[in-house]
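These notes are about the structure you will find just below.
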2 protein chains.
Amino acid sequence: MSQLNKKTTIKDVAAKAGVSVTTVSQILNHKGARFPAATHKQVRQAVADLGYVANFSARNTRLTVRRRTIGVLVPQIQNPFFANLFRGIQDYLYDQAADTFLVSTDGDNVKAQQYMKQLIHRSVDGFIIASQLDGQDPLLKKLRRLRIPYVLLDQNEGDQAGDQIIVNERQGGQLVAAHLAAVKQGPIILVVPRQQSANIHLRIAAVKAELARRQVEIAAIYQTSALEKSAGALTGRQIMQDFATAPHLTIWAVADEVALGIIKAVRQARKQIPENVKLMGYDDTDYADYLNLTTIHQPVVTIGREAAALLQARLADPVRPRQVIVKPVTLVRRDSTSDD
Amino acid sequence: MSQLNKKTTIKDVAAKAGVSVTTVSQILNHKGARFPAATHKQVRQAVADLGYVANFSARNTRLTVRRRTIGVLVPQIQNPFFANLFRGIQDYLYDQAADTFLVSTDGDNVKAQQYMKQLIHRSVDGFIIASQLDGQDPLLKKLRRLRIPYVLLDQNEGDQAGDQIIVNERQGGQLVAAHLAAVKQGPIILVVPRQQSANIHLRIAAVKAELARRQVEIAAIYQTSALEKSAGALTGRQIMQDFATAPHLTIWAVADEVALGIIKAVRQARKQIPENVKLMGYDDTDYADYLNLTTIHQPVVTIGREAAALLQARLADPVRPRQVIVKPVTLVRRDSTSDD
DNA sequence: ATGAAAGCGCTAACAT
DNA sequence: ATGTTAGCGCTTTCAT
């Protein structure tokens, strides 16, 4: 059988085909027009027989136009929001001759740092970062120092260097507030994360401001430990306990995943949505439609595609003016806030 | 400012530090014990000043132990089942000095083929394949020809070459049937995919066999076009229409995502789960718990980790005997099949 | 303690 | 139509 380790090289192919390595290289790179069909055939045959694949690294040392490599950093790939973001990115890059290393940081910052370091060592051409990072984050500082371009998603401040795609959080917050005011039933409760990234902070501030403008009172604001279902369920249980005697409640959760946890808590408290509790989320995750959850739609697949496009443009022209794209959001009404 | 294109090389660093490239290389690769601290400092300083990162490809041409690269193929990263699988894989590989290219094939076989081709050209060391592929699939044939190792997930036959992790579908099917028999209320309906991969086929066959053994009748079997929420909803609507007059139904869906679509259809038909419809899924996706869906638990994160371990072992020893690991499943009872 | 030189597998310029 | 040679950026051997 075949040797255990030694990969077959272009030399082996050349020897087997009875030609020089140049001939093999040229033909395999579609620059062998001058060689007769017979030579092509011999070479192809030898390649097939030996199962030869050119060494990627060796090729790259000489090649001028290389296939690009992109690093993608998301906080949680299990969250369908980020899964769809990734789809959008892959969608675009697929046609653009680039491959993506995906890193799901899962709240582990040390891991994220180390992974990033690895990807940098891999000569990754650029990054798309959806994990919340402060502009002063050592990771971003490092990227800037190394002049590795990156596109930041959903972080409205703190970084003045990278291209960005942000969502109109002010508009989103206003839509939330207006809808809460319209469907309001019993006390209004907001569920927000303890740690607030810039964009989430803006979102919440906009909700508060618009409710205040409409003179609608907020009964309570609960802090949840993470933007995850389990954290939402915990907070939801607390709410149902604290407001056990209230026949009606109106709750807004900062993200659909959190709302999903609250749905569970409401059910466990043997209350009904929307009869007893009107619930609203944010993101319009794949699941919102199936859970009948009123929410704010973010065009996440599009955002992924545009982020990839932004990065690609930046790679092509490192000195083009910095771009910040703002995407609008829309309200999606579903039964979780309906009247009956 | 810095030049537009030219990356800084080890030569630039050497020049700036006033030493030879050898010295730089040695120090940067932690083989510079013999150099005095002063030299180290100069080199590090030059590296920092220039923002130097060693060219990955150039390094790799000489390096003996390289960081590994793994390709991961999943049908749909938005499905939390596969997102968690990926987490398991990344979890394990992270410590094992390997990085993963993720490809979500999204039912596009042409795209999958082309992506694979790219990854092969990238000298990917091995693949973990969760996309359903026939053993005769050209993709697998190619991998075998090129002697690139791969681990197949969840495909019980058709391939005798790669290591595999499979789930005990027979056991799963029996658990489903036993539970259906126990909670049965009205006609029993199965929802299965039109295209059945080997493992899904086994699962369904086991359900049928066990129901037959228990002399429990299946009222109808519906075929759904894909293992997706939207397909499930479509089929669910059809069921609710066909059985509009039945006060009670018992439905098993081949996957949680499909069950989720059915939940929506049931709700739209203004029926209640579990009062009117007892519903059961398969997979125990993150969402099943939040939707109160009775289902069969597959230890997916573990499967991901073990798949990665299997591949790593194979890379370390290409001639070790072929491994096939069978994982057990468990029934998870929730309210969607409860009594009241 | 340091560097010159060889060589990794490949592509490309330059003969022939 | 084909091969010889240089060189990519790096690591490693071997002198000094």
* Have a look at B:S57 and say if it touches a base, only the backbone sugar-phosphate, or nothing, with a 4.0 Å heavy-atom cut-off. => nothing

* **Distance test, side-chain N/O of B:K31 to OP1/OP2 of D:dT11, below 4.0 Å** => no

* Asked: By salt bridge (Lys or Arg N to Asp or Glu O under 4.0 Å), which residues pair with B:R44, not counting sequence neighbours?
  -> none

* To do: Tell me what A:N60 touches on the nucleic acid: a base, only sugar-phosphate, or nothing, going by heavy atoms under 4.0 Å.
  => nothing

* Asked: Atom CZ of B:R34 to atom C1' of D:dT13: distance rounded to whole Å?
  -> 10 Å

* A:N79 side chain to A:F81 backbone, donor-acceptor under 3.5 Å -> yes

* Is a side-chain N or O of A:E306 found less than 3.5 angstrom from the main chain of A:I165, in a donor-acceptor match? -> no

* To do: Mind jotting down which residue pairs meet the salt bridge (charged side-chain N to carboxylate O under 4.0 Å, His left out) criterion with at least one end in residues 68-84 of chain A? Sequence neighbours excluded, please.
  => none

* Using side-chain hydrogen bond (donor to acceptor under 3.5 Å, both in side chains) as the criterion, list what pairs up with A:S57, not counting sequence neighbours. => none

* Structure fact -> B:T9 meets the side-chain hydrogen bond (donor to acceptor under 3.5 Å, both in side chains) criterion, sequence neighbours left out, with none

* Structure fact -> Note: contacts of residues 44-55 of chain B with DNA chain C (heavy atom, under 4.0 Å) are none

* Structure fact -> Under a 4.0 Å heavy-atom cutoff, the residues of residues 17-27 of chain B touching DNA chain C are B:V19, B:S20, B:T22, B:T23

* Give the rounded distance in Å between these two atoms: NZ of B:K7 and C1' of D:dG9. => 14 Å

* B:K111: partners by salt bridge (Lys or Arg N to Asp or Glu O under 4.0 Å), with sequence neighbours left out -> A:D91

* To do: Find the bend of the helix from C:dA1-D:dT16 to C:dT16-D:dA1 as the angle between its two terminal axes (five pairs each), to the nearest 10°.
  => 40°

* Roughly, in whole Å, what's the span from CG in B:L63 to P in D:dC8? -> 20 Å

* Does OP1 or OP2 of D:dT11 have a side-chain N or O of B:R59 closer than 4.0 Å? -> yes

* Measure from NZ on A:K11 to C1' on C:dT11 and round the result to the nearest Å. => 14 Å

* Spacing of A:R62 atom CZ relative to D:dC10 atom P, expressed in whole Å -> 14 Å

* **Nucleotide D:dA1, atom C1' - distance to CD of A:Q42 in whole Å** => 12 Å

* **Integer-rounded Å distance: C:dA13 C1' and A:N29 CG** => 15 Å

* Structure fact -> Those residues at least two apart in sequence (or on a different chain) that pass salt bridge (Lys or Arg N to Asp or Glu O under 4.0 Å) with A:R314 are A:D163

* Checking B:S123 side chain against A:F56 main chain: does a donor-acceptor pair fall under 3.5 Å? -> yes

* **Spacing between B:I10 atom CD1 and C:dG3 atom C1', to the nearest angstrom** => 13 Å

* Structure fact -> side-chain hydrogen bond (donor to acceptor under 3.5 Å, both in side chains) filter on A:R67, not counting sequence neighbours, yields A:D99, B:Q118

* **salt bridge (charged side-chain N to carboxylate O under 4.0 Å, His left out) contacts in which one or both residues fall within residues 27-37 of chain B, not counting sequence neighbours** => none

* Assign each of B:F35 and B:A58 to its nearest nucleotide of DNA chain C by heavy atoms, then name whichever residue's nucleotide is nearer the 5' end. => B:F35

* Asked: Got a sec, which residues hit salt bridge (Lys or Arg N to Asp or Glu O under 4.0 Å) with B:D12, two or more places apart in sequence or on another chain?
  -> none

